[in-house]
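I have placed the structure first, in the form of structure tokens, so that the comments after it can refer back to it.
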Amino acid sequence: MDSRDKVLDKYSSKIYKNRKEHVIEIEGGEPQVIAADTRAIPGIMTNRGCCYAGCKGVVIGPLKDVVNIVHGPIGCAYYTWGTRRNKAKGDENTKDFTQYSFSTDMQETDIVFGGEKKLRQAIKEAVEIFNPECIMISSTCPVGLIGDDIHAVAAESEKLYGIKVLAFSCEGYKGVSQSGGHHIANNGLMKYIIGTGDAEPQKYSVNLLGEYNIGGDGWEVERILKRIGYNVVSVMTGDGSYDHLKNAHTADLNLVQCHRSINYIAEMMKTKYGMDWIKVNFIGVDGIKKSLMDIALYFDDPELLARTEAVIAEEIGEIEEAMSYYKSKLDGKKAAVYVGGSRTHHYINLLKSLGVEVILAGYEFGHRDDYEGRDVIPTIKMDADSKNIESITVTKDEANYKTFHTPEKLEALKAAGVPLEKYDGLWSDISEGAIITDDFNHFETEEFLKLLKPDIFFSGIKDKFIIQKSGVPSRQLHSYDYSGPYAGFRGALNFAKDITMATYTPVWNMVQAPWKSEPTLVGSLGGME
Ligand code: CFM
């Protein structure tokens, strides 16, 4: 029995039938079909988050000049406050509210008598105290259940205060994971914000999509892009702002880092404004090199291309020696990588360049295209859960529509390997024999750890403790624990250093639970000690 069967064999037949479609072994370089983006099994400890987490926590929360009001119980606001480490800085032109947590703090009486009054009051206070240009309201589960009309409150507040007020019906229970929340957030930003600014277009301008500035990743990417000579019009959404997002339509090209959370905006901007998008990856030296060259090829300017090559050479020169030292320490190690919907793939080239092989991997909530590539999208069957998430259609904006290249030139770029509207998915880089688990759970994590014994496990806050208790070092690839940035050339070096320290400091293996060596309870039974 191989390790996959050994783990799945422990399930009841009903659960086995479900999970066998989500856990696969990569064989013979053949394209594989995986079940993804379906409901988690009730009772199983999934690592997923909810729809509200995807909308407020992931996509709209990082917009720094927006007051993000969470309409709901205080816990929902508290748990999306700071833990993701999406950094932001205000400046003389842009306010930064990301250090605050705004909530209506719903109580039982609000659930019984309705919470709209409290929401109106929260908006009034936010306007009086913070004077923002934009407020966004996110719904939590009870709001959807009792039927508060947050959209009506938003529309009325917009008139009353003369600012932008958006409402998102992203109740936690919608869809099957945080993925639905990404889509809802994308729809709102596209409908009401992108395209409302009147800035003048700049030369060599790009938007950076699906970059959330975790641990400062976005700042490192922007530093490199600016060094080469690009103008970054907006970042969606790490350290991003309403102010910049309004003018996103003026850029020449969209760069998509996290495909899962934001491909909807990239696609809609192509239809509405004619703006092309390419898939990039700024994690890992090979990934960054390829992405920077792809962007330069797109702009097709010899000077820009020369600068790109020079910056790449200089940046690599800075880290090369240290990287090869860390490679000598890490060569031959094996890793497990489990993140949400895109990072698992992004980190593979970085790990490979350090001699680390990925033997176990997966996503919490990826869709089939995140595994198998965008080509499968037309074959993905919609189910009742996916139909529950609104999919909006946009039309050509005649006034702002522009094309940068002719269709022939775009075809030539595609033929030259530039990933225009293309994403190959995790399959394209995963090693033969690797085990892939979609929507992984605590049971499978423990079992695969015992069987495959990876040297390091990249994971998140919910699973890291299981991993550490079993003696294996863990680094969080969601928040980077307390470290970062990991993106860009300098980030690659931070990463190499952190995982070398983790694998050479096997503290978790040395910790023994106290009850294993001495009794922790003392008492007497029937007169005996
Ligand atoms: Fe995109 Fe993300 Fe990810 Fe994601 Fe996330 Fe995240 Fe993630 Mo945690 S947007 S899909 S919903 S890259 S919070 S910054 S690390 S699960 S792999």
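- Around NZ of K469, the count of heavy atoms belonging to other residues, nucleotides or ligands within 6.0 Å does not exceed 12.
- Under the rule for a ring-ring contact (aromatic ring centres under 6.0 Å, His included), Y212 has no partner lying at least two apart in sequence or in another chain.
- The backbone N or O of Q476 lies less than 3.5 Å from a partner atom in the side chain of D481, making a donor-acceptor pair.
- Between the side chain of D463 and the main chain of G460, a donor-acceptor pair closer than 3.5 Å is present.
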query: Between D2 and K6, is a salt bridge (Lys or Arg N to Asp or Glu O under 4.0 Å) present by the stated rule, with each step listed?
result: CA-CA 6 Å; D2 63 20; K6 273 187 198 152; over 6 Å; no
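- Taking the side chain as every heavy atom from C-beta outward, I348 and V337 never approach each other to under 4.5 Å.
- Side-chain contact between V280 and V221: absent, with no pair of heavy atoms (C-beta onward) separated by less than 4.5 Å.
- The distance between the ring centers of F448 and F440 does not fall below 6.0 angstrom.
- A distance of 6.0 Å or more separates the ring centres of Y486 and H346.
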- prompt: Should V472 and Q468 be marked as a side chain to side chain contact (heavy atoms under 4.5 Å, CB included) after you check the CA-CA gap, both sets of side-chain angles, and the distance that decides it?
  reply: CA-CA 5 Å; V472 175; Q468 288 175 344; over 6 Å; no
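- Between the side chain of R48 and the backbone N or O of D439 there is no donor-acceptor pair closer than 3.5 Å.
- The neighbour count for K497 NZ, taken as heavy atoms of other residues, nucleotides or ligands under 6.0 Å away, does not exceed 12.
- Ion pair K352/E357 not flagged as a salt bridge, since none of the NZ, NE, NH1 or NH2 atoms sits closer than 4.0 Å to an Asp/Glu carboxylate oxygen.
- Side-chain contact of S386 with D383: a donor-acceptor pair under 3.5 Å is present, judged by distance alone.
- Donor-acceptor pairing under 3.5 Å is recorded for the side chains of Y480 and D217.
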task: Could you check I499 against L351 for side chain to side chain contact (heavy atoms under 4.5 Å, CB included), going step by step and ending with a plain yes or no?
output: CA-CA 10 Å; I499 62 166; L351 287 162; 4.1 Å; yes
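- With hydrogens and angles left out, the side-chain atoms of H442 and N47 include a donor and acceptor closer than 3.5 Å.
- The residue from L451, I466, I467 that alone fulfils the side chain to side chain contact (heavy atoms under 4.5 Å, CB included) condition with E446 is I466.
- The environment of CE in M45 is sparse: at most 12 heavy-atom neighbours from other residues, nucleotides or ligands sit within 6.0 Å.
- When the shell of 6.0 Å around OH of Y173 is examined, it contains more than 12 heavy atoms from other residues, nucleotides or ligands.
- When atom types are taken as modelled, the side chain of N207 and the backbone of V232 share no donor-acceptor pair closer than 3.5 angstrom.
- With hydrogens and angles left out, the side-chain atoms of T46 and N441 include no donor and acceptor closer than 3.5 Å.
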task: Might you work through the side chain to side chain contact (heavy atoms under 4.5 Å, CB included) test for K464 and R475, ending with a clear yes or no?
output: CA-CA 8 Å; K464 72 177 280 183; R475 288 300 299 181; over 6 Å; no
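- Defined by atom type and a distance below 3.5 Å, a donor-acceptor pair is missing between the side-chain atoms of N213 and N86.
- The only option from I392, I262, I194, L209 that meets the side chain to side chain contact (heavy atoms under 4.5 Å, CB included) definition with N186 turns out to be I262.
- Salt bridge status for E315 with R227: present, with a side-chain N to carboxylate O gap under 4.0 Å.
- Using bins of under 30°, 30° to 60° and over 60° for the plane-to-plane angle, the ring pair Y371/W427 lands in the tilted bin.
- In this structure, the side chain of R343 engages the main chain of L477 through a donor-acceptor pair within 3.5 Å.
- Between the side chain of D455 and the backbone N or O of K334, at least one donor-acceptor pair lies under 3.5 Å.
- Checked by atom type, the side-chain pair D370/H259 shows a donor-acceptor distance below 3.5 Å.
- Contact annotation: the side chain of E21 never approaches that of I34 to less than 4.5 Å [non-hydrogen atoms, C-beta and beyond].
- The side-chain heavy atoms of Q178 and E364, taken from C-beta on, include a pair separated by under 4.5 Å.
- With sequence neighbours excluded, no residue forms a side-chain hydrogen bond (donor to acceptor under 3.5 Å, both in side chains) with T445.
- Side chains of T437 and Y363: a donor-acceptor N/O pair is absent below 3.5 angstrom, by distance only.
- For the pair S353 (side chain) and L350 (backbone), a donor-acceptor distance under 3.5 Å is present.
- Residue Y504 places its OH atom among more than 12 non-hydrogen atoms of other residues, nucleotides or ligands, all under 6.0 Å distant.
- Contact annotation: the side chain of Q257 approaches that of F282 to within less than 4.5 Å [non-hydrogen atoms, C-beta and beyond].
- Using a cut-off of 4.0 Å between Lys/Arg side-chain N and Asp/Glu carboxylate O, R374 and E421 are scored as not salt-bridged.
- With hydrogens and angles disregarded, no donor-acceptor distance shorter than 3.5 Å links the side chain of R368 to the backbone of V33.
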- request: Evaluate side chain to side chain contact (heavy atoms under 4.5 Å, CB included) for R84 paired with V58, printing each intermediate quantity in order.
  value: CA-CA 8 Å; R84 184 160 167 254; V58 173; 3.3 Å; yes
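- In this structure, Q512 places its CD atom where more than 12 heavy-atom neighbours from other residues, nucleotides or ligands lie under 6.0 Å away.
- Partners of H183 by ring-ring contact (aromatic ring centres under 6.0 Å, His included), not counting sequence neighbours, listed by chain and number: Y264.
- With ring centers used as reference points, F495 lies under 6.0 Å from Y347.
- Counting heavy atoms from C-beta on, the side chains of Y16 and N18 never come closer than 4.5 Å.
- Side-chain contact between Y11 and K17: absent, with no pair of heavy atoms (C-beta onward) separated by less than 4.5 Å.
- Between D276 and K270 there is a salt bridge, since at least one side-chain N of the basic residue sits less than 4.0 Å from a carboxylate O of the acidic one.
- Between F458 and V339 there is no side-chain heavy-atom pair separated by less than 4.5 Å.
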